[in-house]
Number of protein chains: 4
Amino acid sequence: MARPKSDDKRNALLLAAEQVFAQRGLAAAPTSAISKQAGVAEGTLFTYFRTKDELVNALYRSIKLDLADALMSRFPRQGPVRDRLEYLWNAFVDWGVANPQRLNVLDQLSVADTVSDESKAVGYEPFAEIETLAQTSIKTGVLQAYPVEFVAASMKALAETTMAFMTAYPAEATRYRKVGFEVFWNGVTGNTKS
Amino acid sequence: MARPKSDDKRNALLLAAEQVFAQRGLAAAPTSAISKQAGVAEGTLFTYFRTKDELVNALYRSIKLDLADALMSRFPRQGPVRDRLEYLWNAFVDWGVANPQRLNVLDQLSVADTVSDESKAVGYEPFAEIETLAQTSIKTGVLQAYPVEFVAASMKALAETTMAFMTAYPAEATRYRKVGFEVFWNGVTGNTKS
Amino acid sequence: MARPKSDDKRNALLLAAEQVFAQRGLAAAPTSAISKQAGVAEGTLFTYFRTKDELVNALYRSIKLDLADALMSRFPRQGPVRDRLEYLWNAFVDWGVANPQRLNVLDQLSVADTVSDESKAVGYEPFAEIETLAQTSIKTGVLQAYPVEFVAASMKALAETTMAFMTAYPAEATRYRKVGFEVFWNGVTGNTKS
Amino acid sequence: MARPKSDDKRNALLLAAEQVFAQRGLAAAPTSAISKQAGVAEGTLFTYFRTKDELVNALYRSIKLDLADALMSRFPRQGPVRDRLEYLWNAFVDWGVANPQRLNVLDQLSVADTVSDESKAVGYEPFAEIETLAQTSIKTGVLQAYPVEFVAASMKALAETTMAFMTAYPAEATRYRKVGFEVFWNGVTGNTKS
DNA sequence: CATGAATGAGGGTTCATTCAT
DNA sequence: AATGAATGAACCCTCATTCAT
């Protein structure tokens with residue numbers, strides 16, 4: 001069987017990797033520190049992930065999946081585009097604020113060259129539906145005729161900026177969440193109404 | 001005096017570091033590869049930079065200075081806010097597209113924990129004027145009453161997104177540059193005119 | 001458990017260190033030479049001793065323990081003071097002559113600043129009984145009323161001098177052993193009888 | 001000309017080496033630290049001493065010469081053996097207490113394998129006269145019929161022990177100096193009179 | 001499957017020595 | 001002669017990975 005015996009251990013290792021990467025930085029994180037944090041022997045890590053790279057890639061996918069779940073599991077399939085986009089925005093931003101460590105690691109991994117293109121593709125997959133939504137919305141004329149990918153990327157970029165501010169100034173978190181979305185919405189609709 | 005320390009060699013090392021970091025990632029870049037790329041002996045690197053960390057910080061500052069020069073040296077001190085911001089936008093984005101390697105490394109360094117807070121402060125300094133501009137603009141009501149830092153961060157985030165698209169689709173670079181700025185401008189002004 | 005840490009290997013490393021230190025001097029002894037001499041990989045040394053310093057200290061303690069054993073394991077708890085001191089003298093001197101390398105390294109380590117005060121304290125412990133003996137002997141008036149520590153130090157100094165001569169002139173070893181003790185005994189008792 | 005320009009610099013380097021060796025230990029003393037302490041450039045050291053080893057050997061000889069001067073310059077060529085030996089004893093011991101750093105370095109050098117046999121021979125030369133004295137004394141029956149070298153070595157060993165105690169307990173220095181000599185004299189004469 | 005000792009290729013850095021200035 | 005930058009071989013130690021237990 002391909003799946004090793006204990007999913008618990010695999011998850012423990014992924015979680016440990018996340019913690020260690022967040023604490024010490026992706027670069028300076030030895031596998032020994034990860035296995036220790038996970039409470040398993042050094043060698044055990046390599047029965048769950050053949051190499052450190054594989055672990056890193058698995059973690060990337062896992063975080064992306066988790067984020068996708070946060071965004072999509074309760075995503076409203078009906079209603080005005082603005083509301084649905086704002087739902088996405090809030091879900092994204094709330095996830096990031098609730099999991100600052102995970103967000104931090106995701107940022108590190110997004111720049112790291114150890115994450116393969118394949119992993120990036122796989123990690124993107126669940127977000128395809130969002131793109132579809134945006135595409136539809138544009139076709140109905142609600143959004144400006146900007147390239148869809150560009151709108152999505154802008155949303156992501158602004159959302160991550162927003163998260164950084166929410167984390168830095170927790171007292172103003174709610175305000176930043178709203179303001180951030182306004183900037184995005186105004187930007188891509190060219191509409192003054194908020 | 002004996003052989004004086006040569007600026008050429010120092011710059012060669014900084015450039016080499018940039019190249020090696022871009023190629024292999026900040027983490028996996030041995031100093032030996034850097035000195036080799038710079039055409040000096042391994043030990044020579046350490047007469048110019050006491051440690052690898054010091055080299056990394058010097059490179060960060062150097063890139064920031066270069067960027068500041070690109071943005072600020074011809075920056076118009078007069079004229080409509082929109083024009084001046086668009087000037088900044090174009091300068092930034094053009095710099096990034098012209099120096100993708102340098103931008104890439106700057107992104108890596110901005111997340112790296114080896115870059116000290118002091119370096120970040122020093123690197124930020126030349127950009128203070130931009131903040132002043134934004135601040136003034138907000139007071140005069142041209143921009144929405146968003147926190148200045150947030151506007152700056154949003155601009156940066158959207159600009160980097162824009163650069164990625166310009167690099168990916170060079171044929172449409174000019175259009176993306178314009179579109180990106182529109183999104184930013186609409187976003188922070190809430191204005192529909194482009 | 002996995003492969004347990006082997007005492008054999010630990011001892012092999014200590015012995016190898018002793019040999020390499022004796023041959024090349026404490027200063028110029030690379031850990032690589034030690035592990036090679038011990039027949040293990042370079043990294044293995046560091047699973048038994050976290051640092052080179054730790055190895056040096058362990059070796060110091062080990063030699064001291066060995067010496068203490070040589071002196072004390074058959075030490076006569078009864079009998080005339082002179083006989084008991086002579087026993088100590090002979091045991092010390094015989095040990096040194098039998099283990100010239102070990103003695104040499106001990107001398108090097110005794111001056112080295114890498115040997116911690118703690119190690120020196122631990123290494124001294126087993127010799128405390130000797131001090132007690134001397135103390136008692138002095139109280140009974142057999143030895144002159146010199147400070148105990150001073151008597152002990154003098155004995156050690158003369159013994160090491162003696163060893164050097166025994167090693168240098170093996171044919172006269174027995175005679176030097178006797179003469180050395182006489183000098184010491186006469187010195188601290190001020191007595192002409194031998 | 002063989003002799004370099006400045007004897008001052010040569011001496012400064014020797015003194016600097018002594019200080020640095022005393023402070024950091026012979027092993028961990030880079031030539032750069034020595035030249036810095038001497039106030040000359042790194043390369044200058046090598047115009048006065050071709051290699052570090054040569055400097056070490058020169059320092060050894062220099063210290064030995066200094067010590068010999070302290071012992072022999074006012075050494076009484078006449079008088080009872082005991083007085084003359086006591087003069088030597090006091091001169092040696094006073095020198096050591098007055099120059100603890102120099103003594104310390106001498107001890108380090110005496111064990112170091114970088115000091116050549118030739119240097120040791122040269123360093124011993126000025127002390128030959130002492131040997132002659134001892135030799136004569138033995139022939140006249142004042143000293144026991146021990147090998148001369150052995151007596152000399154014993155004297156040295158006891159004197160160094162004494163110095164250690166004088167340095168450790170300065171308040172009792174005078175007493176230790178006297179006691180130490182007694183032990184030595186009694187030892188080698190077998191005489192109870194002090 | 002789990003364990004952790006064993007491995008050895010690198011990594012950053014030091015340093016004696018050389019040599020251009 | 002004096003300087004100190006340049007050199008590159010070592011050095012100590014880390015760490016991903018293997019493998020005996």
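Labels below follow one simple rule: chain letters A, B, ... track the order of the sequence lines, proteins then strands, and each chain is numbered from 1.
- Rounding to whole angstrom units, CG of residue A:Asp8 and C1' of E:dC1 are separated by 15 Å.
- For B:Ser32, the listed nucleotide lying nearest its side chain is E:dG11; candidates were E:dA6, F:dC12, E:dG11.
- B:Thr47 places no side-chain N or O within 3.5 Å of a backbone atom of B:Gly43 that could act as its donor or acceptor partner.
- Closest to the side chain of B:Glu42, from the set E:dT13, E:dC15, E:dT7, is E:dT13.
- Nearest-nucleotide mapping onto DNA chain F: of B:Val40 and D:Gly43, the residue sitting toward the 5' end is D:Gly43.
- B:Leu55 has its side chain within reach of B:Leu14: a pair of non-hydrogen atoms, C-beta onward, lies under 4.5 Å apart.
- As rounded to whole Å, 14 Å separates atom C1' of E:dT13 from atom CD1 of B:Ile34.
- Remark: the backbone N or O of B:Ser62 is not paired with any side-chain donor or acceptor of B:Asp66 at under 3.5 angstrom.
- Along DNA chain F, the nucleotide nearest C:Ala28 and the nucleotide nearest B:Lys9 are compared for position; the residue whose nucleotide lies closer to the 5' end is B:Lys9.
- The main-chain N or O of C:Phe49 is never found under 3.5 Å from a side-chain atom of C:Glu54 such that the two would form a donor-acceptor pair.
- Remark: B:Thr51, B:Lys52 in residues 48-62 of chain B come within less than 4.0 Å of DNA chain E through at least one heavy atom.
- Between A:Phe46 atom CZ and F:dA20 atom C1' the separation is 17 Å, expressed in whole Å.
- Under the rule for a side-chain hydrogen bond (donor to acceptor under 3.5 Å, both in side chains), B:Asn99 has no partner lying at least two apart in sequence or in another chain.
- Looking only at distances, a side-chain donor or acceptor of C:Asn57 sits under 3.5 Å from a matching main-chain atom of C:Asp53.
- No more than 12 heavy atoms of other residues, nucleotides or ligands shown are found within 6.0 angstrom of NZ on D:Lys36.
- Heavy atoms of B:Ala29 sit under 4.0 angstrom from primed sugar atoms or phosphate atoms, though from no base atom.
- With 3.5 Å as the limit, one finds a donor-acceptor pair spanning the side chains of D:Ser119 and D:Ser116.
- If you take CG of D:Leu13 and P of F:dT3, they are 10 Å apart, rounded to a whole angstrom.
- Between F:dT21, F:dC15, E:dT21, one nucleotide has an atom nearer to the side chain of A:Pro30 than all others, and that is F:dC15.
- Consecutive Watson-Crick or G-U pairs involving DNA chain E, each under 3.5 Å on both distances, make up stems of three or more pairs at E:2-21 with F:2-21.
- No engagement by D:Lys36 is indicated, since no non-hydrogen atom pair under 4.0 Å with the nucleic acid exists.
- Side-chain atoms of B:Tyr48 come within 3.5 Å of backbone atoms of B:Ser6 as a donor-acceptor pair (strictly under, hydrogens ignored).
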